[in-house]
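To start, the structure itself, in structure tokens.
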Amino acid sequence: MAPPKLTEYEKKRLENIRRNDQMMAALKIHSTVSQLSAATKRQKVGLSKSYKLSPEKKVAKSQSPIVIRRSLRTRGMPPDSGGLDYSVETPDRSPTRISKPRPSPRVMGPLSMRDAYSGTESDRALIDTILFLEKKPQVDVSIKKKFDRCEAVKMEQSDGISHDSVKGVVKDEYLDYGIKIDDKETESCVDVWSMGLKKENIARVLPGRIMAVRFLPCNDVRMIVAGNKFGNVAFWNMDSKGEEGDGIFLYRHHTGPISGILCQQSCLSKIYTSCYDGFLRLMNAEKEVFDLVYSGDDAIFSLSQRPNDMNGLYFGEGRGGGLNIWDERTGRFSSQWILHEDRINSIDFNSQNPNIMATSSTDGTACLWDLRSVNADKAKSLKILNHNRAVHSAYFSPSGSFLATTSADNTVGILGGVNFEDTSMIYHYNQTGRWLSPFRGIWGWDDSSIFIGNMKRGVDVISCSQRRSILTLQSSHMSAIPCRFDAHPCKVGMLAGATTGGQVYVWTSS
DNA sequence: TTTGGCGTTAAAGCA
DNA sequence: TGCTTTCCACGCCAAA
């Protein structure tokens, strides 16, 4: 077969890459000196822990040429063309990588964890820890209530009993939702006023902006997974002892911003990651690979999974508002819908009734859907919440009784009532600008509080019942604005906040 | 109606 | 300490 004909642009670009490679090789010594200097400066920030890149993979920002990225699609190339290595286009590239090339994260297949690993010390400790946890039965204590409800619904559904008879569900005209409001849910199980930030619970886990952060859902080890805009994913074992280094392990198995991280409580060794590069990968610690689950031409902006369907991956793809359901067993789409007019920023499911899905979009809306009645021809939502600007998140409360939305129009919306017909819009300044990831208000461990970033280097706590911000968590240790959060699924009061500088701050309650 | 450029914004890096 | 660079968010507005 004849080699593909290159366009003028592509020829020029390849030539640029070749020149850049030569230049970077020549600058090897210089860059090493500048990195050492940078490392020294990092100490000054006062972070007790920070990620360490292996010498051949340290960031050589000032020397690395930045090539403007164009998507494969806009270049008229298929995603598996293998023609151009994206890795040269990010600052996370070093001179010596040229002489010892590693597989590009864009490889169309499994990528070994060893090849994707960017650290100095062995990652054996991490893999062993995950495999150890995997074998240990995990008990979810803090959100037992949520899962009890979920299990109750599932149990009754499998018994063939209709939603109308599910225990505790209010019988009225809105029963299609299968969701009940319980005022007791608004009682708090955590004293947010006692939440504090300890110095040892701070680390710089990644270079660059953190796009997504997750706790590994287990009781025994406090493990954080974070993804940045360069396609790195870091693991931070907060319980790691000194002899194992800082407990931070850095990989790069994607080539663009990480848009989603999914950890499963039922199988801790498998962690899904989605990326703007259109790839969806699955870390398999047993096989020590990052498997390729899906690859498409368009960016993946959001990723989620239904609580009762571990084989289906729900992800928002492209700027056209597409939502795909990917069946991992068959390796095919179960469904492909256009649900919005612009990118889908978040996907979430109701714990009481996993058929109810919430999406938020840059088109300015958050929508509720009943998965049983969505069809490809005419996607009709159960409810549309209109914001005046882009909506960055729409998350159900742990009990499923409320929905919280965060929008660029400087509001946090709280929807409640039997049919989510009660809408409250709470003013919250959400203008993060270009360099910070947009804020997303997340629920804590019950229906009482929503946690969201504050431009004054704090974490605002919004009371659901009072429909207002009641507290801002602040600390002298916090030197940057936390944008993305995760509440530990098993440890009440443990909240991770991630910044644009790669730091993670973990708040705990006393 | 579509497209493209600009302004906004925080923080790391460097002189 | 202060300036420069970053540059995949997004609204706004003018030009095409």
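Throughout, protein chains are lettered first and strands after them, A, B, ... in sequence-line order, and every chain is numbered starting at 1.
Residue contacts shown for A/Ala480 are limited to sugar-phosphate atoms, with no base heavy atom under 4.0 Å away. The residue A/Thr499 sits apart from the nucleic acid: no heavy atom pair falls under 4.0 Å.
With distances taken from any side-chain atom of A/Arg389 to the nucleotides B/dA12, C/dC10, C/dG11, the minimum falls on C/dG11. The side chain of A/Pro257 has C/dC8 as its nearest neighbour among C/dC8, C/dC10, B/dA10. Among C/dC7, C/dA9, B/dA11, the nucleotide with an atom closest to any side-chain atom of A/His392 is C/dA9.
Here the P atom of nucleotide B/dA12 and the CG atom of A/Leu206 are 13 Å apart, to the nearest Å. One atom, CG of A/Leu436, and another, P of B/dT8, lie 16 Å apart when rounded to the nearest Å. Counting to the nearest Å, the C1' atom of C/dA9 and the CD1 atom of A/Ile210 are 18 Å from each other. Rounded to a whole Å, the CD1 atom of A/Ile481 is 9 Å from the C1' atom of B/dA11. Going from atom NZ of A/Lys229 over to atom C1' of C/dC7 covers 7 Å, rounded to whole Å. Summarising the geometry, the separation between CZ on A/Arg434 and C1' on B/dA12 is reported as 16 Å, rounded to the nearest angstrom. Straight-line distance from the CZ atom of A/Arg209 to the P atom of B/dA12: 13 Å, rounded to whole Å. For A/Lys456 and B/dT9, the NZ to P distance is 13 Å, given to the nearest whole Å.
Taking side-chain N and O atoms only, A/Tyr276 has a distance below 4.0 Å to OP1 or OP2 of C/dA9. Taking only side-chain nitrogens and oxygens, A/Thr432 never comes nearer than 4.0 Å to OP1 or OP2 of C/dA9. The side chain of A/Arg457 contributes an N or O atom lying less than 4.0 Å from OP1 or OP2 of B/dA11. Between A/Gln503 and the phosphate of B/dA12, there is a side-chain N or O to OP1/OP2 separation shorter than 4.0 Å.
Residues that satisfy the side chain to side chain donor-acceptor pair (under 3.5 Å) test with A/Asn410, not counting sequence neighbours, are A/Gln431. By the salt bridge (charged side-chain N to carboxylate O under 4.0 Å, His left out) test, A/Arg209 pairs with no residue at all, sequence neighbours left out.
For the pair A/Trp435 and C/dT6, the ring geometry qualifies as stacking, because the centroid separation is below 5.5 Å while the planes lie within an angle under 30°.
Around the CG atom of A/Asp422, the shell of radius 6.0 Å holds more than 12 heavy atoms that belong to other residues, nucleotides or ligands.
Side-chain contact between A/His428 and A/Phe439 is present, with at least one heavy-atom pair separated by less than 4.5 Å.
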Checklist entry - Can you list the steps and then say if A/Arg222 with A/Asp239 is a salt bridge (charged side-chain N to carboxylate O under 4.0 Å, His left out)? => result CA-CA 6 Å; A/Arg222 298 171 301 162; A/Asp239 297 309; 2.9 Å; yes
